[in-house]
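Accompanying notes for the structure given below.
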There are 2 protein chains.
Amino acid sequence: MESEPTRIMVAVNESTIKGYPHASISSRGAFEWTLQKIVRSNTSGFKLLFLHVQVADEDGFDDIDSIYASSEDFKNMKRRDKARGLHLLENFVNKCHEIGVLCEAWIKKGDPKEVICHEVKRVQPDLLVVGSRGLGPFQRVFVGTVSEFCAKHAECPVITIKRKADEAPQDPVDD
Amino acid sequence: MESEPTRIMVAVNESTIKGYPHASISSRGAFEWTLQKIVRSNTSGFKLLFLHVQVADEDGFDDIDSIYASSEDFKNMKRRDKARGLHLLENFVNKCHEIGVLCEAWIKKGDPKEVICHEVKRVQPDLLVVGSRGLGPFQRVFVGTVSEFCAKHAECPVITIKRKADEAPQDPVDD
């Protein structure tokens, strides 16, 4: 007899290189590590909770000239953003269905580090898994790292999975 | 068919209140969390590696007057320290035998945070679990925290399990 499944929140984001619907290298890494090292064959013992945070009022503005954007354009952009986010999550959800692991997935808007910690508080997972680019101290100052903030502030145990060295793109800030 | 078991290193130390062979509240917490939330019923999927670090040249001096200690006395102290450390590890190992989880356990001397990171490098576990007293910033400055150092420097993913608030002793520096 097993108790409730262990609920693992996995924070996922899109690739900075390939864009939506592709997941970033580090969030794919964090997901695969969780399956291989924690879930293993015990697919009924875990439930994965995928959270994708979209940075508010920043996405979607590159493509069009915002001066000429009507309110209708903005609505369309928002809709498109959401659709792209869902498409990103779909990859993770499909993989879970395939191997028979329960999961949930949702999108929030805001500052990723703040939103992740807020969602941990609300959802109370047993564990939060976040990927990390493994940036050096110099880059960290300018880029900021979501994983460090979460490890410090999230109200649950946190595992940070560093991107493998051989998977790092030319510019390590990319992901 | 499963691959090699996931190797989880668990750093354990003695209780500051009850002394040997009792484990500290936070290392017991870290161990129990690992069994409940990660290992669950999949006892063949994991191997636990218990590391106990004894602070070098500090333990055992409270009991006798060191001015009168002969070299034979020192040898006896060292032997006694080791026996106490083994007794501490025995509790964890017995529990693993009981539920059928593979394990190893060993003792090292030195500065716990340095030794743990060194052993991670040597043994290459998939995951390191460390307990933490969850001290506030003021206490942390004077006491230092092993878990923070390991989370930053260990060459593998690290989970820090904070002591539950209702298990904290009167003086939170105790454990």
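Bear in mind that the values here come from a model prediction, so they are computed numbers and not experimental data. The figures here come from the full heavy-atom set of this structure, side chains too, leaving out hydrogens, waters and symmetry mates. Each chain gets a letter, A, B and so on, in the order the sequences are listed, and its residues count up from 1.
The distance from the CD atom of A:E148 to the NZ atom of B:K152 is 6.5 Å, given to the nearest 0.5 Å. A distance of 5.5 Å separates CD1 in A:I38 from CD1 in B:I8, rounded to the nearest 0.5 Å.
When all heavy atoms of A:D126 and B:K37 are compared, the pair lying nearest together is OD1-NZ, 3.0 Å.
Test A:L128, A:L127, A:T160 against B:I159 for side chain to side chain contact (heavy atoms under 4.5 Å, CB included) and you get one pass: A:L127.
A:V158 and A:F149 fall into different hydrophobic clusters, where Ile, Leu, Val, Met, Phe, Trp and Tyr are joined by side-chain heavy atoms under 4.5 Å apart, directly or via other members. The hydrophobic clustering, which links ILVMFWY residues whose side-chain heavy atoms are closer than 4.5 Å, places B:V123 and B:V120 together. Neither B:I25 nor B:V10 shares a network with the other; the hydrophobic side chains, linked directly or stepwise wherever heavy atoms of I, L, V, M, F, W or Y lie under 4.5 Å apart, form separate groups for each. Grouping the Ile, Leu, Val, Met, Phe, Trp and Tyr side chains by contacts below 4.5 angstrom, directly or via other members, places A:I99 apart from A:L102.
In this structure, the side chain of B:R40 engages the main chain of A:S3 through a donor-acceptor pair within 3.5 Å.
The 12-atom threshold is exceeded at NE2 of B:H22, counting heavy atoms of other residues, nucleotides or ligands nearer than 6.0 Å.
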